[in-house]
Amino acid sequence: MNTTPTVDYLRQAFDHYNTLIFGGKLPVPKLKLSRAKTRLGQMACKRKMGLGRTTYYDYCISVSNYYQLTKEETDDVLIHEMIHYTIAYTGLKDTAPHGIVFRGMMDKINRTFGRHITISVRTRNLQPRIAQQTKNFLILALEMKDGKYFLSSVNPSSAGKLSLSLARMREIAHYAWYQSQDEYFHNMPCVRSLRGRQVSKEVYTTMIEKMKRLK
């Protein structure tokens with residue numbers, strides 16, 4: 001069952017797993033929620049250099065509540081970050097952020113406590129808690145005389161100005177305006193000038209067949 005975590009829940013869960021797994025040795029760090037889309041959790045801290053050594057302080061663990069996660073999945077994210085916290089707080093040296101020490105602790109916790117902690121999670125397979133609203137994109141499709149193809153997501157307020165520029169460009173073999181709601185364009189910058197993403201002829205043809213052409 002999916003749950004919505006709160007800061008109070010994170011505090012209770014931290015206290016529980018600190019005692020159960022980490023021997024109650026970890027001071028309570030700052031705990032907060034985030035809306036991060038690319039990472040489910042993060043352990044951050046400040047560092048100070050002095051007398052040839054590095055001191056870490058001001059620890060903070062954040063857990064994203066952007067996606068629909070079960071209680072067990074949320075707890076696994078928290079424990080993952082608590083492993084990072086343990087390594088930093090105790091001064092252990094690891095071979096990488098998820099190196100030999102981290103993986104050894106993770107594997108032992110999974111075996112001992114029946115957890116399913118992993119190095120990373122594919123967020124593309126997760127569902128947002130709030131469904132993303134459908135967005136209309138204004139797309140400029142360009143076919144160049146040298147055989148290159150471009151797709152560009154254009155700010156509607158700049159369409160008129162760009163149309164005037166396009167009419168004067170001899171390098172262009174053909175261009176057309178389209179409307180699309182395809183997720184392909186979600187991560188494409190919305191431009192105000194003639195910039196776009198070069199694509200293969202196959203991608204170009206596939207995309208324009210899926211879009212609504214504007215007159």
Side-chain angles (χ1 to χ4, degrees), residues 1-135 183 186-189:
M1 179 179 178
N2 295 329
T3 60
T4 303
T6 63
V7 173
D8 284 343
Y9 175 77
L10 293 182
R11 174 60 187 265
Q12 294 172 12
F14 180 91
D15 288 343
H16 173 70
Y17 293 116
N18 188 23
T19 301
L20 179 67
I21 298 175
F22 299 96
K25 298 178 181 179
L26 298 174
V28 179
K30 181 179 179 181
L31 296 164
K32 67 178 186 178
L33 299 172
S34 77
R35 295 287 292 165
K37 299 179 183 179
T38 58
R39 59 173 64 186
L40 297 183
Q42 182 179 26
M43 192 288 295
C45 60
K46 296 179 181 178
R47 63 185 67 191
K48 180 172 59 177
M49 299 289 293
L51 301 177
R53 59 179 297 181
T54 302
T55 302
Y56 297 93
Y57 65 101
D58 201 9
Y59 294 93
C60 177
I61 290 178
S62 59
V63 174
S64 175
N65 64 356
Y66 181 82
Y67 296 102
Q68 297 180 23
L69 299 179
T70 65
K71 175 183 176 297
E72 291 302 305
E73 289 170 334
T74 298
D75 287 6
D76 282 343
V77 173
L78 177 63
I79 298 169
H80 176 118
E81 302 310 325
M82 291 177 73
I83 297 174
H84 284 303
Y85 180 25
T86 299
I87 293 172
Y89 180 74
T90 58
L92 291 172
K93 302 297 182 182
D94 206 347
T95 56
H98 294 108
I100 294 174
V101 175
F102 181 96
R103 290 170 185 265
M105 294 177 67
M106 179 185 72
D107 291 343
K108 183 178 179 180
I109 291 170
N110 284 338
R111 290 194 309 270
T112 305
F113 300 98
R115 307 302 313 183
H116 299 89
I117 306 164
T118 58
I119 295 299
S120 62
V121 175
R122 290 182 176 272
T123 55
R124 70 178 60 182
N125 298 329
L126 301 175
Q127 293 296 319
R129 291 188 184 279
I130 301 176
Q132 294 182 335
Q133 295 182 343
T134 301
K135 183 176 179 180
E183 290 189 0
H186 270 283
N187 295 323
M188 185 180 290

Next item on the list: Show the numbers, then the answer: is there a side-chain contact (heavy atoms from CB on, under 4.5 Å) between H84 and H98?
Entry: CA-CA 9 Å; H84 284 303; H98 294 108; 3.1 Å; yes

Notebook entry, point to check: Going through the distances and angles, do K32 and V63 end up as a side-chain contact (heavy atoms from CB on, under 4.5 Å)?
Noted result: CA-CA 7 Å; K32 67 178 186 178; V63 174; over 6 Å; no

Next item on the list: Please test N125 against Y67 for side-chain hydrogen bond (donor to acceptor under 3.5 Å, both in side chains), starting from the C-alpha separation and ending with a verdict.
Entry: CA-CA 10 Å; N125 298 329; Y67 296 102; over 6 Å; no

Next item on the list: Check step by step if side-chain contact (heavy atoms from CB on, under 4.5 Å) holds for V101 and T95.
Entry: CA-CA 7 Å; V101 175; T95 56; over 6 Å; no

Next item on the list: Would you sort out whether F113 and I79 count as a side-chain contact (heavy atoms from CB on, under 4.5 Å), showing the intermediate values?
Entry: CA-CA 11 Å; F113 300 98; I79 298 169; over 6 Å; no

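Judged by distance alone, the side chain of D94 and the main-chain N or O of F102 form a donor-acceptor pair under 3.5 Å. The main-chain N or O of L26 is found under 3.5 Å from a side-chain atom of N18 such that the two form a donor-acceptor pair. Between the side chain of R115 and the main chain of E72, a donor-acceptor pair closer than 3.5 Å is present. Counting only distance, with no hydrogens or angles, the side chain of R47 and the backbone of Y57 share no donor-acceptor pair below 3.5 Å. Of the possible polar contacts, one joining the Y85 side chain to the P27 backbone as a donor-acceptor pair under 3.5 Å is found. Checked by atom type and distance alone, the side chain of Q68 pairs as donor or acceptor with a backbone atom of P128 at under 3.5 Å. Although no hydrogens or angles enter the test, the distance criterion places no donor-acceptor pair under 3.5 Å between the side chain of E81 and the main chain of L78. Of the possible polar contacts, none joining the T118 side chain to the V121 backbone as a donor-acceptor pair under 3.5 Å is found.
In plain terms, the two heavy atoms of L33 and T6 that are nearest each other are CD1-CA, 3.9 Å. Across every non-hydrogen atom of A36 and S64, the tightest pair is O-OG, 2.7 Å.
Classified by interplanar angle (parallel below 30°, tilted 30° to 60°, perpendicular above 60°), the ring pair Y59/Y89 is perpendicular.
One distance of note links CZ of R11 with NZ of K30; it measures 14.0 Å at 0.5 Å rounding. Summarising the geometry, atom CG belonging to L126 is positioned 6.0 Å from atom CG belonging to L40; distances are rounded to the nearest 0.5 Å. Distance check, rounded to the nearest 0.5 Å: CD1 of I100 to NZ of K93 gives 15.5 Å. Rounded to the nearest 0.5 Å, atoms CD (Q12) and OH (Y17) are 11.5 Å apart. The structure places OG of S34 at 12.5 Å from CD1 of I61, a figure rounded to the nearest 0.5 Å. Between N110 atom CG and M105 atom CE the span is 12.0 Å, to the nearest 0.5 Å.
Crowding of K108 atom NZ: a count of heavy atoms from other residues, nucleotides or ligands under 6.0 Å not exceeding 12. Counting non-hydrogen atoms of neighbouring residues, nucleotides and ligands closer than 6.0 angstrom, the CG atom of L92 exceeds 12 such neighbours.
We find that R111 and D107 are not joined by a salt bridge, their nearest charged nitrogen and carboxylate oxygen being 4.0 Å or further apart.
Put simply, the side chain of D75 reaches to within 4.5 Å of the side chain of Y9, judged on heavy atoms. Annotation: side chain of K37 is not in contact with side chain of T123 (no heavy-atom distance under 4.5 Å). Side-chain contact between D58 and C45 is absent, with no heavy-atom pair separated by less than 4.5 Å.
Aromatic ring centres of H116 and H80: separated by at least 6.0 Å.
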